[in-house]
Amino acid sequence: MPMPLLRGRGDEESALLRLLDDARDGRGGALLLTGVAGIGKTALLDLAVVRATPDFLVLRVSGVAAESRLPYAGLHGLLGPIAGAADVLPEAQVRALREALESGTTAPGLVLPAAVLGLLSAVAADGRPVLACVDDVDRLDPASRDALAFAARRLGQARVALLFAARSPSGLDGVPARAVGGLGQEAVRELAADLTPERRLPEDLVAALDAVARGNPLALTELIGSLTPDQLAGAAAPPTTLPRSGRLWREHAALLAALPRETRRLLLLIAADPALDVATLLRAARPACALTALEPAEQAGVLLAVGDRYAFRDPAVRAVAYQDASLSERRHAHHLLATLLTAPPARHRRSRLDATGESPGTRLRRAWHRSWALDAPAARVADDLAAAALGARPLDDHPEPYLALERAADLTTHPTLKAERLAAAARLAWTSGRPQAARSLLARLRTLPAPDLAPPDELHGRVQFLRGSLELLGGETGSAREELLAAAGRLLDGEQRMLGVRALVRAADASYRAGDNKAFIAIARHAAALRRPDESAPTELMFEYLAGMAATFSGSHEEAAGPLRRVVELAGSVRDPSVLAWACVASMLLGEDVIAHRLSARAVESARVRGVASAIPQLLEYMIYPDYWTGRYASLAETAARGLRLAQETGQLNTAAQHLAWLAITAAVEGDQETCRVRADAAIGLADAHDLGLAGAIGNWALAYLDLAAGRPADAAQRLRAERRNGHVVIRVMATPHLIEACARTGDRERASAALRVLERWVGSTRSPDLRALVARCRALLAPPGEGDELFQEALELHGQGMCEFETARTRLLYGSALRRERRPGAARNHLHAALETFERYGARLWTGQARAELRASGDTTRPTAAAPDTATLLTAQQLQIARMVAGGATNKEIAEQLFLSRRTVEHHLRNIFSRLGVRSRVELTRLFIS
């Protein structure tokens, strides 16, 4: 048997190898693997067999439902190959074993279980150790299962390993059990790549499929195998249920078919409405049975109680319970549910209620059920459903509002109204983080019959706005800009004027991301001519934002300050998370990092509360800038890692590129050269493919930062001078302190002086002591020999008023180095020791090396500063991330892939984490973070 390729099962494989190693050494043991169908239990048994061959004698049997009533059928299949070796057992045991295997009968008591244990032990003692694998043990006949469980609990010094697999641990009390859960995100991506070697599936499609599969390898395999060409191309929505022709569907259907009729009736109600509470379900149950009819479903592992409702233990079974019912049964269930939801249940009385005394969620559920019961004219049902969907919260989980609007569109015959509802459904799908569904709904608009192909101008504009927004975060920035400008042209003169202004700002944002300052300024000028005196606060904020940013890109920082301050003032009356994001940018350009961080956090929380999942990855970008300027690298790394994960899940490759680039910056700060290059190269690759000057500039800056930290100032200067990678004005200015430092160290004073003048113009328009400290430091670096002392002192004084401890240490390192060259070693050592202590706490190994080298040159011998190993605050940003992931159960391989690290780098970080925290194992580390 070839070695099976298992993704994300490193821990399970280790457990199996330990079981086999113990059996080889005479420490017999047993292990029960539990998990839902398709989760990979059989694959793990296959792996154990491969690992045991040829050292072990392998015995194997699988439980079969048809034989579950035949006593000892399981033992017959498992022990048949070695039954001839039973002669070494006591006569009573031989007789009992023969009767069991030949006739299925034997005397009660311990004789037969003892015979099973004795036979396995004797065969193992006489030759090779024994591996006995029992799959689907929950389908084994009870007599065989009891005898094997007896043996498993008493293996002792026998050279025997017993390996069981079952959906639940019932019937094997006392046998060590290990639950096999769903695959992690990285393992899911790997498996998807294995299954489609000829083409890489988009990240958002993989995420959509895994939302159905929930980490189940067989489910993911069957879903990918069922994809149509349109689904692969993004023109059709991805599947939302398992394929009916698949093995998993058939297994689930067989499990449900074995349940009593009344049980299946109640399961259909729960499947039709997962939000159904127990009180409402009691009203639906027939009085004679109440909820006792659900006991068989609980005993079969189909249902479990969760709070005040029941849920399917395996969510994939829900679709089977619903779809396998007949059409008339489904319609009757929906009719009954619509009737039951007419009066709001008790649990909704505490919710947000409308004028009729019911919550919008209840209204939506009732309208949804009526749309499937079809117990009223379709047009009226569609109107009610559309109104309920538009009035519901995006967080209402059943049904999702976009699905309700799509259903309303399906029931609508009026051409324009049908198009309106499809467009609204696409918008809700996008904002709730379902980009594949949004694209599919937009594709449906293109296929409407001829009368529908010319919708009203405003509708056309909204559709273009959505297409442009999708393209902005996942496609080519130039295409996004053109689509958004076209949308603005259709919307600005109508009732959707504010949306038109938003389209203009997003078109400018596309130019910003591309690094096309001229296009941004042109859009801002066009917008200025459209302003009215009576604009709403959000609209006025957007106009001021365009004006301030355009002035910034023109180099007129003093002129930009007024509009940008007005943006920050208006943010107090704005609730829209996307509009708040532009206020974050304004406050960052003003150097007001605390305000920027507060606004970005408020924007993220607003998006979360509103259910606007699609906005969160981009909003997280704006939390990163203030973290960088204030030296909160642990927070920066955590935010960027979260943003990267969410961006990948929602198909926002452009946003993912930016988060990757910022993760490269954190690696550069820590001096992790390999990780920095891996992340920066990945970000630059995405930037080149999608015309992302912003992400490419950050990635290039990260590499230059690394060069500078590693003592390669010429390489750093060359990177930061390169026109192709430094066309983005914001990042060019942010990187200017590094450019000036690199040029000063290589003698290019003319270029450094020109860069300083640009930096001074921007910083002069801000009130940030941290930024003014950097300007003073840069002036000190360019001052003639012996004249920089006062400027360094000014920089340190300003640092004292600011928040960035790390940049303070960088200034001390440069000042100490200058003092050492001026033959003032005593004064130099004071600053260098302070810098070294900070660098060591941050884990900035390359800067630490520079500080130590300067101290040695000043005549001082330094040793690493000892850190108290009692708190996670001593960890660097990268180490803190890794420690938390380890505490969450992630393997080194999963951590490496999720954080774009090499496995060797993860191992290096773990050794340092263990040392700093005084722990010796992953278990101790987990306890430390949980406690």
Side-chain angles (χ1 to χ4, degrees), residues 484 488 491-492 496-513 517-607 615 618-619 621-623 625-626 629 729-730 733-734 758 760-772:
L484 288 163
L491 296 169
L492 281 165
Q496 295 288 319
R497 172 176 166 76
M498 182 176 170
L499 188 62
V501 176
R502 189 189 295 256
L504 276 180
V505 180
R506 287 200 178 174
D509 191 30
S511 304
Y512 172 80
R513 287 173 177 271
N517 299 336
K518 291 182 180 178
F520 190 107
I521 293 169
I523 293 170
R525 286 174 179 163
H526 173 61
L530 300 171
R531 296 186 71 166
R532 297 174 181 173
D534 58 343
E535 303 286 7
S536 64
T539 307
E540 186 180 353
L541 184 154
M542 289 188 278
F543 278 122
E544 294 284 9
Y545 169 79
L546 288 173
M549 292 292 287
T552 297
F553 291 154
S554 300
S556 305
H557 298 292
E558 292 295 338
E559 179 187 336
L564 293 177
R565 293 195 190 286
R566 179 64 178 148
V567 168
V568 177
E569 291 169 7
L570 287 166
S573 59
V574 170
R575 299 291 178 267
D576 187 306
S578 296
V579 178
L580 283 172
W582 295 315
C584 298
V585 176
S587 55
M588 286 186 293
L589 290 175
L590 292 168
E592 296 173 352
D593 299 315
V594 173
I595 294 174
H597 199 277
R598 184 168 65 243
L599 283 171
S600 58
R602 185 176 142 212
V604 170
E605 178 61 15
S606 175
Q618 187 177 11
L619 293 173
E621 294 177 20
Y622 303 117
M623 295 187 74
Y625 289 86
W629 284 122
V729 63
V730 170
V733 172
M734 289 182 74
V758 174
E760 287 173 329
R761 283 201 300 273
W762 172 48
V763 172
S765 69
T766 76
R767 303 166 184 168
S768 168
D770 286 310
L771 292 176
R772 285 185 285 139

Any donor-acceptor N/O pair, Ser556 side chain to Glu559 backbone, under 3.5 Å
no

Identify the heavy atoms of Leu492 and Arg532 that sit nearest to each other, and give their distance.
O-NH2, 4.2 Å

Distance (rounded to the nearest 0.5 Å) between Leu590 CG and Thr766 OG1:
8.0 Å

Under 4.0 Å between a Lys/Arg side-chain N and an Asp/Glu carboxylate O for Glu569 and Arg566?
yes

Flag the pair Cys584 / Leu599 as yes when at least one side-chain heavy-atom distance between them is below 4.5 Å, and no otherwise.
yes

Distance from Ile523 atom CD1 to Lys518 atom NZ, nearest 0.5 Å?
14.5 Å

Go through the steps for Met734 and Tyr625 under the test side chain to side chain contact (heavy atoms under 4.5 Å, CB included), then give the verdict.
CA-CA 10 Å; Met734 289 182 74; Tyr625 289 86; 3.8 Å; yes

Minimum heavy-atom separation for Met623 to Ser600, with atom names?
CG-OG, 3.2 Å

Side-chain contact test, heavy atoms from C-beta onward, threshold under 4.5 Å: evaluate it for Leu580 versus Tyr622 and give yes or no.
no

Measure across Leu619 and Ala581 and return the closest heavy-atom pair with its distance rounded to 0.1 Å.
CD2-CB, 3.4 Å

Closest contact, heavy atoms only, Arg502 versus Val579
NH2-CG2, 4.0 Å

How many angstroms lie between OG in Ser606 and CZ in Arg575, if you round to the nearest 0.5 Å?
8.5 Å

Report yes if some heavy atom in the side chain of Glu760 is under 4.5 Å from a heavy atom in the side chain of Val763; otherwise report no.
no

For Glu535, is there any backbone N or O sitting under 3.5 Å from a side-chain donor or acceptor partner on Thr539?
no

So do the side chains of Thr552 and His557 get within less than 4.5 Å of each other, counting heavy atoms only?
yes

Is Met549 close to Glu544 at the side-chain level, that is, under 4.5 Å between some pair of heavy atoms?
no

With side chain to side chain contact (heavy atoms under 4.5 Å, CB included) as the criterion, how do Arg506 and Ser578 come out once you've worked through the C-alpha distance, each side chain's angles and the decisive distance to 0.1 Å?
CA-CA 10 Å; Arg506 287 200 178 174; Ser578 296; 3.7 Å; yes

Please check if atom CZ in Arg767 has more than 12 non-hydrogen atoms from other residues, nucleotides or ligands closer than 6.0 Å.
no

Where do Asn517 and Ser511 land on the side chain to side chain contact (heavy atoms under 4.5 Å, CB included) test, with the steps shown first?
CA-CA 7 Å; Asn517 299 336; Ser511 304; over 6 Å; no

Give me the ring orientation class for Phe520 and Phe553: parallel if the planes are under 30° apart, tilted from 30 to 60°, perpendicular past 60°.
perpendicular

Please give me the minimum heavy-atom distance between Ala560 and Gly548, naming the atom from each residue.
CB-O, 3.3 Å

Side chains of Val594 and Pro626: closer than 4.5 Å at any heavy-atom pair?
no

Point-to-point distance, once rounded to the nearest 0.5 Å, from CE of Met588 to CH2 of Trp629
11.0 Å

Any chance you could measure Met542, atom CE, to Leu570, atom CG, to the nearest 0.5 Å?
11.0 Å

Please report the C-alpha distance between Glu592 and Arg598 in whole Å, then the side-chain angles of each, then the deciding distance to 0.1 Å, and finally whether the salt bridge (charged side-chain N to carboxylate O under 4.0 Å, His left out) criterion is met.
CA-CA 10 Å; Glu592 296 173 352; Arg598 184 168 65 243; over 6 Å; no

What distance separates Glu540 CD from Met498 CE, expressed to the nearest 0.5 Å?
12.0 Å

List the steps and the verdict of side chain to side chain contact (heavy atoms under 4.5 Å, CB included) for Asp509 and Leu484.
CA-CA 10 Å; Asp509 191 30; Leu484 288 163; over 6 Å; no

Looking only at non-hydrogen atoms, find the nearest pair between Ala583 and Ala571 and report the distance.
CB-CB, 3.6 Å

Please check this pair: side chain of Trp582 against backbone of Val505, looking for a donor-acceptor N/O pair closer than 3.5 Å.
no

